[in-house]
Every structure is written in structure tokens, then in C-alpha cells.
Amino acid sequence: MTESKLNLSPINQLHLRSGARMVEFAGYSMPLQYNLGVKAEHIHTRTKAGLFDVSHMGQVRLEGSSVKRELEALVPGDIQSLNAGRMRYTVFLNANGGIIDDLIVTDAGDHILIVVNAACRQKDLQFMKDNLQCDVEELENKALLALQGPMSEMILETIAPGVADLKFMSSGEFSVCGEYCFITRSGYTGEDGFEISMPANMAMEIAETILSHESAELIGLGARDSLRLEAGLCLYGQDLNETITPIEADLGWVIGKRRRQDGGFPGLENITRQLRDGAPTRRVGIRPNGRAPAREGTEIFDLEEKKIGSISSGGFGPTVGAPIAMGYVQNHSIAIGAQVSVLVRGNLLPATIVDLPFITPNYKRA
Amino acid sequence: MAETYYSKEHEWITVDGETGTVGITGFAQEQLGDIVFVEVIKENEDVAKDEEVAVVESVKAASDIFSPVSGLIIGANALLEDAPEMINNDPLESGWIFKMTLHNLEELDNLMNLASYKQFLDSIK
């Protein structure tokens, strides 16, 4: 029925064979979970290694003599200082400084590679084509797999010799199963790990080769979400949208030092004002004191029962072993450690404002 | 003797006299996934058939549990507070969710026995 209209990943058959429960996500049929279940998949990724199919994400190639300078007109990050092979998390901004999407920009030497959210792919492509002089080419017939967790390096090094030398947020081309793949040391779990961009027709063989290692398991979108929430990482559409600035999102660090001085990005006026005077709201972590999860949309109140904000992502953190959430609260009420209430099914439940992330990230920085 | 009935919402109710014990089936717990929180929200309240009585939360989402018959909710399984995963591990016994006093035993006629429930499961799978 509707399923026939959904895009299928190049390793769709592997999902079906592996007991995946498939769901629609941004026009793709993607695995929510496998037989292990969300909790065990989450723990497996934190303790061993998880293989995620993220082929639904948009991979775009930008090429042109002034591509870095042009791109800086759309994002607040310092792109011109990126060295070959290095990558940077940044955001597309609108004229008010609201976030159009969050993305990763990689300097691939003679061109720029960017990875954007599946749900924003068309919007982002149009935005770039409207605003960039350089060539904007969506890479078709590509797959994207992420191998995440403390054993990722050991596993991938046997398949793609040399990847162990990559540092966090850097990239390179490696031969995998006889084909050149673009591998980055990055991810969306708070763990060390890699993302592997490959020709679609190689995805099955590469995925199976990785999975032949006893410590690697397929992991679905359910655990991907609980892993990124524990790591304090934003999900576009929930934690970020076009009405939220990077300052409000507590992503002020994406604004490069040089960019703060020189400007030249959309929303400069509003963002400069927020940097000077403070933003009206700010993204924080929230820990319900009890066991009941507080989900997206849950309202947050101060102890005088005045509404001070709402939760943008909430659920249960399997590694934390408790409910966790992030959300936006009024800036003057955000002291870390403050006691607040969250309104769950008509009851005000006690909760605490906390720092993000909920786990200590395990990135390979040195 | 106690008898067990099943609903199309994938709940079971074991009835002994006028007292029913309610939980969810193995199929239901499998669909919900890892359960991390359970709350009976209508304790000591009269409920109609199909009224929401409890909330079961998995890692990903919250799901309502409805009463398979009308009655008075007389108790909740306190062990689930600290061990909600009992619903996954033992849905038909120690993972029971609430107890109720039935108002009308004839309502049980609208539920399924085990054989019919299995047929029902086959029909929706």
C-alpha cells in the first residue's frame, strides 16, 4: 500500500532478514529496532559496537573555487579555516538567526561534502541552490552506514586499514571490500565511531562484513534516538527549528571566533543581541526525579507553578537507567540544579534542571 | 475456578469470583518493547469497559491500557514500580498490572478464550 511509495535503503533486505520492525521515516522505510530491542541495542552500542543504516540522510557535494566563502554566507561556522579532511558541525540560519537545519561540513580536499537531515533534504537543497554560486550536487546511489561504540575502531581497522589513525571529526578515503569509501570519525551517539559513505551497490557486502564480527550488531532508529538524547545531541524538528537560534539552543560554540567579529551570516543582528544581552530561552537538560518519563511537549513549571518552558525531547536513558529529557526554559529560571515540575498526565512531577550531556562522551580526540 | 479471557486490545483478565486480574499478552509486550514505567491512573475508581486505566511506557513511547470490562479498580501491582520489565519477562503471571471488581460478569462473554485469541492473533499478523 503506502509502503511501495517509500524509499528503500540499499540494505533493506538485510533489515528484513534481521528481524527489523520497519517504520516510515522522512519518506524512507527504516528499521526502528531489531530482535534485541531498543534497550539492549542501546547498551550494546555503548559497550561494544552498533551498526546503523543512515542511508536516508542527504549527502551533498559542493564544488567551486569559492565554495567555503560562499557557504559562510549561510552558516555561522568558521568554514574557511577548515583544513583538508577536517569536518565541522554547523547550522543553516534564516534572517532571524533561526536554524533551518543542522549539518556536518567536511573539507574533502577538492570539494566540500555535507550531510543533512533526511527530513530537511529538499528544503536544504533548494536553500543551497538559491544561495550558492558553486555546484550543488546531491549524491545519489550512495549508502551511509555508521559504526558506533568503543569497539568500532578495532572492527573497522580490520576492514578498512588505516582508519584507526583518524581523529574525532576528521575524514579520509579508504579501501573497503575493494571499493573506495569516504570514512569520517563522527557520529550521533556520544561514542567513538565512524560514518562510512559508499556506493549503494557495495552497502550489502560492507554491512555484512562488519556484522560478521561477533561484537557488531545492527541497531535501529529507536536506540539511535535514546543514544543521542543521552549524549545531549539535538534532533532537528524536535530540539531545533526555524524559530530557535543557536544561542537559545546552547550551541553558541558553532559560531566561530572570527565570525563573531566579522559577521556575514544570516541573523547576525539577533544573534549578536542575544550574545550581548542573553537569549529569552535556553536549552537545558531535565531529569525527572521519579521514574515516569516526560516526553516531547511536556510543560515545565517552576515551584510557584508558573510555566517556564517545555520539553523538546524526552524518554528513558538505558545507560543512565532513568528518564531523561532536554527542553527549553526561560533564561532567568535556568540555574543548573534548580528544582522544577513537569506536567505528566495532569500531575506535576518533581524534576531537576541539569547540565547536558547525561553521559560522558567517548570521542577519540587525541 | 479462575478463568482467563482475552481482549482485542491484547489484554488478559483472569476472573476468580467477581475479582479480575488484568495484564497484557505476550504479543502486546513484544509490540511495546522494553517497558520502563507503569502507572495505574484510576486506582479506587469505577471505570467503564474500554476506559483508560493504566499507562505503560517503553523506551520510545507511552501506551494506554484499557479496562476489558467495567468495574472498580481495587489495586495495582506495586512490584512494577521498581521492576516494570516484569511485564516483558513474565507478562501473564508476575507482570499483571491491576486488579478490579467486576460489575457485570456477562461482559466476559464479549471477550475471547485462549483458542479464539490465538486465532485472532493469526488473523492480524
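Here is the naming used below: chain letters follow the sequence lines, and residue numbers restart at 1 for every chain.
When every heavy atom of B/V36 is checked against every heavy atom of A/P293, the shortest pair comes out as CG2-CG, 4.2 Å. Closest heavy-atom contact between B/D34 and A/A40: OD2-N, 4.3 Å.
Residue B/E81 qualifies as open at atom CD: its count of foreign heavy atoms under 6.0 Å is 12 or below. Within 6.0 Å of NZ on A/K48 lie no more than 12 heavy atoms contributed by other residues, nucleotides or ligands. Around the CD atom of A/Q339, the shell of radius 6.0 Å holds more than 12 heavy atoms that belong to other residues, nucleotides or ligands.
Interface residue B/E57: backbone and side-chain heavy atoms are both found under 4.5 Å from chain A. Heavy atoms of B/V55 lying under 4.5 Å from chain A belong exclusively to its side chain. The parts of A/R291 that come within reach of chain B are both its backbone and its side chain, each placing non-hydrogen atoms under 4.5 angstrom from that chain.
Side chains of B/Q31 and A/R21 form a contact here, defined as non-hydrogen atoms less than 4.5 Å apart.
Highest contact tally toward chain A, considering only B/N88, B/I41, B/D82, is held by B/D82 [criterion: heavy-atom pairs under 4.5 Å].
At least one donor-acceptor pair closer than 3.5 Å links the side chain of A/R295 to the backbone N or O of B/K60.
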